[in-house]
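Values in this document were obtained by computation on a predicted structure and should not be read as measured data.
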Amino acid sequence: MKLHHLIYSVFVLKTLAIHLINEQETFSQHISLPDESFLDSIFGELVNDDDSLNRRDILIKSGITSRKNGIIDNNDVDRLVEKLKNARNDELYELIEKISVANSVTQQELYNVQSHEAFKLYKSKLNLPDKDDTSDICNESENLFGGIVTFGHFPHFNCFNAKLSDNEVDIAIIGAPFDTGTSYRPGARFGPEAIRSSGRRLLGGGSPARGNRGSPLNFIDPYDKSSHNLTIIDCGDVPMTPFDNRIALNQLYRGLRSVYNHPSKSKHGIPKVITMGGDHTITLLTLKAAYEKYGKVTVLHFDSHIDTWDPKVLGGGLSSYMSLNHGTFLHYAHEKGYLAEDNFHVGLRAPFISTEYDKKHDSECGFHIITARDLDTFGFDGIISKIKEVTKDSPVYISVDIDVLDPANAPGTGTMEIGGFTGRELLTILDGLQGINLIGGDVVEVSPPFDTNSEITSLAATSVIDSFLGLMILTELD
Ligand SMILES: *[C@@H]1O[C@H](CO)[C@@H](O)[C@H](O)[C@H]1NC(C)=O
Ligand SMILES: *[C@@H]1O[C@H](CO)[C@@H](O)[C@H](O)[C@H]1NC(C)=O
Ligand SMILES: [Mn+2]
């Protein structure tokens, strides 16, 4: 390397160094770092007035971490922190001095300790359990969004297992994953799974929103057994074959019978059953099983469709197999004699197929009609009292087709109809029925593949079941 090259290189390096230094100066001159202490970065700006800022400053400066020297034990430090927190300004220095004298540390030593250390002490108040203690993580019912899902975190055992038939069941929740009786959009076979999943936030705690104003339902908490002592079990799903409806529905029927045969301390001595569908065809079997235990039941059918269609009008005609579907099951329930004399459709609004014939046939099946728009005419009280005049003490079964809700409130269903109830309206009517002798119920036609990913429809279904639980428990507590 020639000399002038060397001189040149030194010159370049020197220029660069000066440049860097200048940069540094420019940086620190023009960008002021935020005036944030470690305390601020962890807790945020908790303190604003001069007095508090001053205290915080003193706390930071004081250190109080002589624990690291083994001079002040943990309890002393904790006590000191407590004292410091509540000390008046004029007491603080004195407090620090006292500590330093008592522990043979110089005051300077205390002041010199880094605020970070002080802060770590101040912060570490978390008392974790022993490393082999799992008592707080072994309880499924305290698992809000994890764990093996049952409806509302209720306990589960397989109620269809004959070996467990001696287990008490007061209220059973069962799934009927079936959708091969559907005329339009399928998918309700995934209903039970989705409803359980949407019900995972039901964990107990009295809800002031349960029931209508002034209702005894306000005080009921299904998820807190100590408040009612009923044994509420999620029985699981009845396996229902997708290949032959005759076999699938028979499987459901046998499943229901086995649930009903469990001992129960309910007033009737019979478990009350809540079924999660499934398309609406399943209700023929839930009604059959209920009828065999209670006799004729009054059916409150919340639906936008009549579902009493004569198979000659809907689906049937070519084969008998086609005759039973989710629009004709109430025709059969009537024909088989499961229904009381007076029953209700609530929220009706879908078109008839053969208008005059359908109306006449529906009435022959024993149904009174409350349309969705009747809510505008009669109001809640009008509708509720109309129903209660008829139900009196008779055993009542409520079947809620989630399409009774407006599609805006329940898009995930088989056959949507515009102009339905909102979730609130449906719940106000259901809860308004407090005092009826509700022996069973279902919520059907929840089709998760057509739901939104915010689970609107299955969430609505969870509230229907929640409402059933309230009504059932109320009858038992009476
Ligand atoms: C599990 O947690 C629930 C709800 O907190 C409580 O009622 C129940 O007693 C707990 N079960 C056990 C076995 O600790
Ligand atoms: C709660 O129910 C159980 C049966 O499930 C019964 O043995 C017990 O006596 C009841 N407790 C109260 C306080 O009623
Ligand atoms: Mn229906």
If you apply the rule side chain to side chain donor-acceptor pair (under 3.5 Å), what do you find for Glu445 with Thr413, and how did you get there?
CA-CA 6 Å; Glu445 298 284 348; Thr413 190; 4.7 Å; no

Could you point out which residue of Ile306, Leu339, Asp342 forms a side-chain contact (heavy atoms from CB on, under 4.5 Å) with Phe367?
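Between Phe367 and the candidates, side-chain contact (heavy atoms from CB on, under 4.5 Å) is satisfied uniquely by Leu339.
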
Knowing that exactly one of Thr391, Ile383, Leu300, Val396 qualifies, which makes a side-chain contact (heavy atoms from CB on, under 4.5 Å) with Leu433?
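Between Leu433 and the candidates, side-chain contact (heavy atoms from CB on, under 4.5 Å) is satisfied uniquely by Leu300.
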
Any side-chain donor near an acceptor of the partner, [X] and [Y], under 3.5 Å:
| X | Y | answer |
| --- | --- | --- |
| Asp234 | Thr150 | no |
| Asp431 | Ser467 | yes |
| His280 | Ser399 | yes |
| Asn343 | His301 | no |
| Asp362 | Thr308 | yes |
| Tyr223 | Asp466 | yes |
| Glu455 | Ser198 | yes |
| Ser197 | Arg200 | yes |

Stepwise, does the side chain to side chain donor-acceptor pair (under 3.5 Å) test hold for Asp358 with Thr355?
CA-CA 5 Å; Asp358 289 354; Thr355 309; over 6 Å; no

With heavy-atom distances below 4.5 Å as the criterion, would you say the side chains of [X] and [Y] are in contact?
| X | Y | value |
| --- | --- | --- |
| Ile465 | Ile195 | yes |
| Met276 | Ile173 | yes |
| Arg373 | Arg349 | no |
| Leu330 | His345 | yes |
| Phe178 | Arg189 | no |
| Asn245 | Leu324 | no |
| His305 | Asp403 | yes |
| Val238 | Tyr253 | no |

[X] versus [Y], closest heavy-atom pair with distance:
| X | Y | answer |
| --- | --- | --- |
| Pro192 | Gly277 | CD-O, 3.3 Å |
| Gly470 | Ile220 | O-CD1, 3.9 Å |
| Ala410 | Ile402 | CB-O, 3.8 Å |

Inter- and intrachain pairs under disulfide bond (SG atoms under 2.5 Å apart), touching residues 227-329, at least two apart
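The answer is Cys159-Cys235.
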
Crowding at [atom1], [X] (>12 non-hydrogen neighbours, <6.0 Å):
| X | atom1 | result |
| --- | --- | --- |
| Asp381 | CG | no |
| Lys386 | NZ | no |
| Glu193 | CD | no |
| Lys336 | NZ | no |
| Arg257 | CZ | no |

If you round to the nearest 0.5 Å, how far is [atom2] of [Y] from [atom1] of [X]?
| X | Y | atom1 | atom2 | answer |
| --- | --- | --- | --- | --- |
| Lys312 | Ile353 | NZ | CD1 | 14.0 Å |
| Asp224 | Ser227 | CG | OG | 4.5 Å |
| Ile174 | Leu252 | CD1 | CG | 5.5 Å |
| Ser463 | Arg424 | OG | CZ | 13.5 Å |
| Asp179 | Thr182 | CG | OG1 | 5.0 Å |

Audit row: Asn437, Asp393, side chain to side chain contact (heavy atoms under 4.5 Å, CB included) steps and yes/no
CA-CA 6 Å; Asn437 179 13; Asp393 290 336; 5.6 Å; no

Are the side chain of [X] and the backbone N or O of [Y] linked by a donor-acceptor pair below 3.5 Å?
| X | Y | result |
| --- | --- | --- |
| Thr475 | Leu471 | yes |
| Thr462 | Gly199 | no |
| Asp451 | Pro448 | no |
| Ser363 | Lys359 | no |
| Glu425 | Thr422 | yes |
| Ser304 | Val404 | no |
| Asp237 | Pro239 | no |
| Asn229 | Ser226 | no |

Does the salt bridge (Lys or Arg N to Asp or Glu O under 4.0 Å) test come out yes or no for Lys267 and Glu476, once each step is laid out?
CA-CA 6 Å; Lys267 282 185 181 162; Glu476 289 301 318; 5.7 Å; no

Between Thr298 and Tyr397, is the side chain to side chain contact (heavy atoms under 4.5 Å, CB included) condition met? List the steps.
CA-CA 6 Å; Thr298 300; Tyr397 183 96; over 6 Å; no

Check step by step if side chain to side chain donor-acceptor pair (under 3.5 Å) holds for Asn261 and Lys293.
CA-CA 10 Å; Asn261 286 332; Lys293 284 289 174 184; 3.2 Å; yes

Looking at Glu356 and Lys360, is there a salt bridge between them, counting it only when a charged N and a carboxylate O are closer than 4.0 Å?
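So Lys360 does not pair with Glu356 through a salt bridge.
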
What I want to find out is whether Lys272 reaches Asp170 closely enough, with some N-O distance under 4.0 Å, to be called a salt bridge.
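No, this pair does not count.
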
Examine Tyr184 together with His326 and report whether their ring centres are nearer than 6.0 Å.
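Between His326 and Tyr184, which both carry aromatic rings, the centre distance is not below 6.0 Å.
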
Determine, using ring centers only, whether His361 and His331 are less than 6.0 Å apart.
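They qualify: ring centres under 6.0 Å apart.
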
Checking Thr283 against Asp442 for the side chain to side chain donor-acceptor pair (under 3.5 Å) test, could you report, in this order, the C-alpha distance in whole Å, the side-chain angles of both residues, the deciding distance, and whether it holds?
CA-CA 8 Å; Thr283 302; Asp442 64 53; 2.9 Å; yes

Begin from the C-alpha positions of Ile436 and Ile387 and carry the test side chain to side chain contact (heavy atoms under 4.5 Å, CB included) through to its verdict.
CA-CA 10 Å; Ile436 60 168; Ile387 296 173; 5.9 Å; no

What's the verdict on side chain to side chain contact (heavy atoms under 4.5 Å, CB included) for Phe421 and Ile429, showing C-alpha distance, side-chain angles and the deciding distance?
CA-CA 10 Å; Phe421 294 146; Ile429 297 173; 3.9 Å; yes

